[in-house]
Amino acid sequence: MMSSSSLSSSLHCFPPPSLTFQNLKNNDRLIHNFNTPLELKQLHARLIKTNTPLSILPLTKVAFVCALSPSFSYAHQIFSHILEIPQTSIWNFCLIRFAEGDCPSNALLLFYQMRLFDVLPDTFTCSFVLKACLKLSDVVNGKIIHGLFQKLGFGSNLFLQNMILNLYGLCGEMGDAMLLFEKMPQRDAVTWNIVIAQLVKRGEIDGAYGFFLRMPNKNVRSWTSMISGFVQCGKPKEAIDLFMKLEDEAVRPNEVTVVSVLAACADLGDLDLGRSVHEYSTKSGFERNVHVCNTLIDMYVKCGCLENARRVFYEMEERTVVSWSAMIAGLAMHGQAEEALCLFSEMIKLGVKPNGVTFIGLLHACSHMGLIDEGRRFFASMTADYGVIPQIEHYGCVVDLFSRAGLLEEAREFILNMPIKPNGVVWGALLGGCKVHKNIDLAEEAIKHLSELDPLNDGYYVVISNIYAEAERWEDAARVRKLMKDRGVKKTSGWSSITVNGVVHEFVAGDQTHPQAEDICKIWDKLLVKMKRRGYAPKTSVVLLDVEEKEKEKFLYRHSEKLAVVFGLMTTPEGTPIRIMKNLRVCEDCHAALKIISGMTSREIIVRDRNRFHCFRDGQCSCRDFW
């Protein structure tokens with residue numbers, strides 16, 4: 001209770017009391033009309049004056065007003081005076097508001113106030129404080145709470161144990177997390193999912209899969225975490241295999257599962273499964289989910305179905321900057337630069353602000369189609385007009401733009417004047433331009449930087465070796481190959497794949513291992529005769545070996561993409577597109593050959609190589625050049 005002197009002081013701040021107890025009780029506005037400890041004390045004085053019981057006070061508001069001030073003890077005395085039960089629940093109400101608010105550290109301050117005045121915590125207290133620790137990534141205070149609830153006898157509370165397990169994982173304390181997991185007397189699906197998710201975030205995919213296999217009762221979240229983890233770690237095939245097992249277990253995929261599987265389909269070019277998942281999404285009502293639609297656009301783009309990507313894009317009820325950027329990038333990959341630029345104009349008219357990804361797509365479009373001036377303008381405007389600061393990817397696109405166009409000296413100057421340190425991709429773009437435009441001096445400068453920045457990347461050694469071989473500098477080419485061997489760098493083998501009736505068929509150059517290899521070779525020989533009548537002449541210059549011309553031609557005729565296309569002609573219905581995946585760039589000879597084959601057979605041939613799509617139709621390719 002207040003002293004007579006403090007009570008007198010409080011009354012000076014109020015008009016003379018004229019309200020009775022009943023008046024005060026009915027005047028709810030007056031009872032709640034305090035926002036500081038001083039105003040609370042003034043109201044307290046009036047309640048005493050009118051013989052009104054303190055129980056009429058809104059106790060949660062009393063707690064909020066005093067929680068983080070020196071008046072905590074004052075509120076504590078009020079509660080002790082009027083409550084017959086512990087006051088913990090009132091302070092818990094404040095804790096959860098603080099923990100979920102903009103300043104979760106206030107929950108920690110209040111918690112330590114409660115401990116100072118011996119307010120006994122319960123399980124809710126601990127959970128609310130742990131929630132604040134999670135938002136703050138505060139493992140130090142988390143460990144204090146962990147120790148406290150163990151002492152209080154809450155150690156068997158599964159909800160609290162899961163929270164602290166999640167906190168340890170989130171803060172990188174996986175050793176403590178694993179120790180806690182193994183000591184837990186009971187575990188539920190949440191427990192297992194926390195461990196799997198945290199290991200996936202750390203890139204420990206094998207460890208995560210080990211826990212997944214041990215998990216007794218997997219739910220959709222468990223499957224989704226693991227599928228998503230495989231995709232993030234660059235293992236799309238494993239992700240799809242696991243998705244197939246999920247279906248066998250009759251687990252119903254949710255929207256997050258769908259997004260992960262579609263991403264895996266995009267990486268592998270698995271159009272059949274992608275279409276099946278799209279159909280499932282539509283039946284499940286996921287077509288309104290922006291994330292699902294954005295991933296569908298990306299999947300169809302990367303599987304070579306640009307028209308399907310367009311359809312998803314234009315049927316979306318709501319489009320985000322991600323949707324626009326995915327469609328622009330897809331058009332660029334397919335050589336549809338003009339449409340990509342028109343789409344960007346439409347995006348701006350609708351008031352959608354572009355981001356860094358948008359400009360990467362635009363710059364790629366300009367690069368692949370030789371739109372030098374447009375590329376310059378976009379690079380300048382991204383900062384000047386939209387406040388987007390160029391990142392290393394944007395600088396790489398500009399170097400690629402100049403290098404493809406043969407502006408090698410300008411590309412070099414651009415690199416040297418970059419405000420950030422160029423990486424291997426930037427110098428690699430210049431090296432690629434040097435190969436096409438046969439500039440050995442600049443190529444040698446580029447390879448010096450690449451040897452330091454990315455010494456184990458076989459692609460760069462192969463390019464410089466090929467540059468020397470094209471110039472018939474055989475000793476230099478041999479020197480590069482010896483350097484690769486000395487450094488333990490192995491050349492990546494080229495392969496091409498085609499999916500027929502759900503089965504992936506993979507070919508390597510000169511492949512004789514396929515069950516139908518003999519038939520493929522026979523059909524190719526017949527096709528070759530017709531191709532030569534249409535003007536096909538093998539570009540033996542791409543075979544960088546010091547052998548006879550006839551031997552070079554034999555190498556060319558057995559390139560993996562040619563074998564895959566012939567197999568597609570043999571095994572797919574007439575008039576249907578042939579879709580090929582290739583891990584390296586399409587060579588100049590294959591590019592010329594596939595144009596002729598598309599015209600001869602009236603088949604659309606879509607090849608996704610390391611950089612982009614080549615859509616061959618009626619003897620033409622959607623791309624301006626082969627690289």
Worked verdict on E238 versus Y209 for side chain to side chain contact (heavy atoms under 4.5 Å, CB included): CA-CA 11 Å; E238 288 82 351; Y209 191 52; over 6 Å; no

Worked check of side chain to side chain donor-acceptor pair (under 3.5 Å) between D400 and S403: CA-CA 5 Å; D400 187 57; S403 299; 6.0 Å; no

Pair F313-W324, ring-ring contact (aromatic ring centres under 6.0 Å, His included): steps then yes or no: CA-CA 8 Å; F313 177 79; W324 291 92; 5.1 Å; yes

From CA spacing to verdict: side chain to side chain contact (heavy atoms under 4.5 Å, CB included), I348, Y386: CA-CA 11 Å; I348 298 304; Y386 303 104; 3.7 Å; yes

I392 vs V425, side chain to side chain contact (heavy atoms under 4.5 Å, CB included): CA-CA, chis, key distance, verdict: CA-CA 9 Å; I392 193 70; V425 175; over 6 Å; no

Worked verdict on K235 versus D241 for salt bridge (charged side-chain N to carboxylate O under 4.0 Å, His left out): CA-CA 10 Å; K235 296 185 174 183; D241 289 344; over 6 Å; no

Criterion side chain to side chain contact (heavy atoms under 4.5 Å, CB included) on L273 and V277, from CA distance to verdict: CA-CA 6 Å; L273 180 59; V277 174; 4.1 Å; yes

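A distance-only check finds a donor-acceptor pair linking the side chain of N583 to the backbone of W495 [under 3.5 Å]. A donor-acceptor pair is defined here as one N or O able to donate and one able to accept, closer than 3.5 Å; such a pair exists between the side chain of Y460 and the backbone of G424. With hydrogens and angles disregarded, a donor-acceptor distance shorter than 3.5 Å links the side chain of R608 to the backbone of K302. Within the 3.5 Å criterion, the main-chain N or O of C397 finds no donor-acceptor partner in the side chain of S367. Looking only at distances, no side-chain donor or acceptor of S465 sits under 3.5 Å from a matching main-chain atom of Y461. Judged purely by atom type and a 3.5 angstrom limit, H449 has no side-chain atom pairing as donor or acceptor with the backbone of A446. No donor-acceptor pair under 3.5 Å is formed between the side chain of S228 and the backbone N or O of S225. In this structure, H614 contributes its side chain and C621 its backbone to no donor-acceptor pair below 3.5 Å. The backbone N or O of E561 lies less than 3.5 Å from a partner atom in the side chain of S496, making a donor-acceptor pair. When atom types are taken as modelled, the side chain of S598 and the backbone of G619 share a donor-acceptor pair closer than 3.5 angstrom.
Rounding to the nearest 0.5 Å gives a distance of 8.0 Å between CG of L594 and CD1 of I580. The structure places SG of C587 at 11.0 Å from CG of N466, a figure rounded to the nearest 0.5 Å. Annotation: the span from M299 atom CE to C305 atom SG amounts to 7.5 Å, rounded to 0.5 Å. Here the CD1 atom belonging to I597 is positioned 13.0 Å from the OG atom belonging to S602, to the nearest 0.5 angstrom. The distance from atom CG of D267 to atom SG of C303, rounded to the nearest 0.5 Å, is 9.5 Å. With rounding to the nearest 0.5 angstrom, the SG atom of C590 is 5.5 Å from the NE2 atom of H559.
A salt bridge between E346 and R319 is absent, with no side-chain N of the basic residue lying under 4.0 Å from a carboxylate O of the acidic one. A salt bridge does not link K448 with E445: none of the charged nitrogens is closer than 4.0 Å to a carboxylate oxygen.
H334 meets the ring-ring contact (aromatic ring centres under 6.0 Å, His included) test with F613; sequence neighbours excluded. For I523, the side chain to side chain contact (heavy atoms under 4.5 Å, CB included) test picks out V566, M570, with sequence neighbours left out. Applying the salt bridge (charged side-chain N to carboxylate O under 4.0 Å, His left out) criterion to E413, with sequence neighbours excluded, gives no partner residue. Residues satisfying the side chain to side chain contact (heavy atoms under 4.5 Å, CB included) criterion with A443, sequence neighbours excluded, are L431, C434, I464, I467. Scanning for side chain to side chain contact (heavy atoms under 4.5 Å, CB included) contacts around P538 gives Y536, T540, E553, L556, Y557, D589, with sequence neighbours left out.
No more than 12 heavy-atom neighbours from other residues, nucleotides or ligands sit within 6.0 angstrom of CG on D618. The number of heavy-atom neighbours closer than 6.0 Å to NE2 of H291, taken from other residues, nucleotides and ligands shown, is 12 or below. The neighbour count for D486 CG, taken as heavy atoms of other residues, nucleotides or ligands under 6.0 Å away, is above 12. For E338, the CD atom is loosely surrounded, since the number of other residues' heavy atoms within 6.0 Å does not exceed 12. More than 12 heavy atoms of other residues, nucleotides or ligands sit less than 6.0 Å from atom CZ of R558.
Between D454 and W427, every side-chain heavy-atom pair lies at or beyond the 4.5 Å cut-off. In this structure the side chain of R579 never reaches within 4.5 angstrom of the side chain of T499, judged on heavy atoms. Looking at heavy atoms from C-beta onward, I605 lies out of side-chain contact with P577 at the 4.5 angstrom threshold. Between F243 and K245 the shortest side-chain heavy-atom distance does not fall below 4.5 Å. At least one side-chain heavy atom of I440 sits less than 4.5 Å from a side-chain heavy atom of R473. The side-chain heavy atoms of I447 and S451, taken from C-beta on, include a pair separated by under 4.5 Å. Taking 4.5 Å as the limit, some side-chain heavy atom of I328 sits within range of a side-chain heavy atom of M347. Side-chain contact between K522 and E518 is present, with at least one heavy-atom pair separated by less than 4.5 Å.
Nearest approach of A309 to V301, heavy atoms of both residues: CB-CG2, 3.7 Å. The two residues I420 and Q391 have their closest heavy-atom pair at CD1-C, 4.1 Å. Here the closest heavy-atom approach between residue M174 and residue L199 is recorded as CE-CD2, 3.7 Å. In plain terms, the two heavy atoms of V231 and A264 that are nearest each other are CG2-CB, 3.8 Å. Of all heavy-atom pairs spanning A411 and L430, the tightest one is CB-CD1, 3.9 Å. Closest approach of I227 and S260 over heavy atoms only: CG2-CB, 3.9 Å.
Here the two rings, on F507 and H514, have centers that are under 6.0 Å apart. Taking the six-membered ring for Trp and the full ring otherwise, the centers of Y395 and F379 sit less than 6.0 Å from each other. You'll find the ring centres of F212 and W223 inside the 6.0 Å limit.
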Listed pairs under 3.5 Å, donor-acceptor, residues 369-377 side chains, sequence neighbours left out:
{"from": "R376", "atom 1": "NH1", "to": "E410", "atom 2": "OE2", "distance (Å)": "2.4"}
{"from": "R376", "atom 1": "NH2", "to": "E410", "atom 2": "OE1", "distance (Å)": "3.3"}
{"from": "R376", "atom 1": "NH2", "to": "E410", "atom 2": "OE2", "distance (Å)": "3.4"}

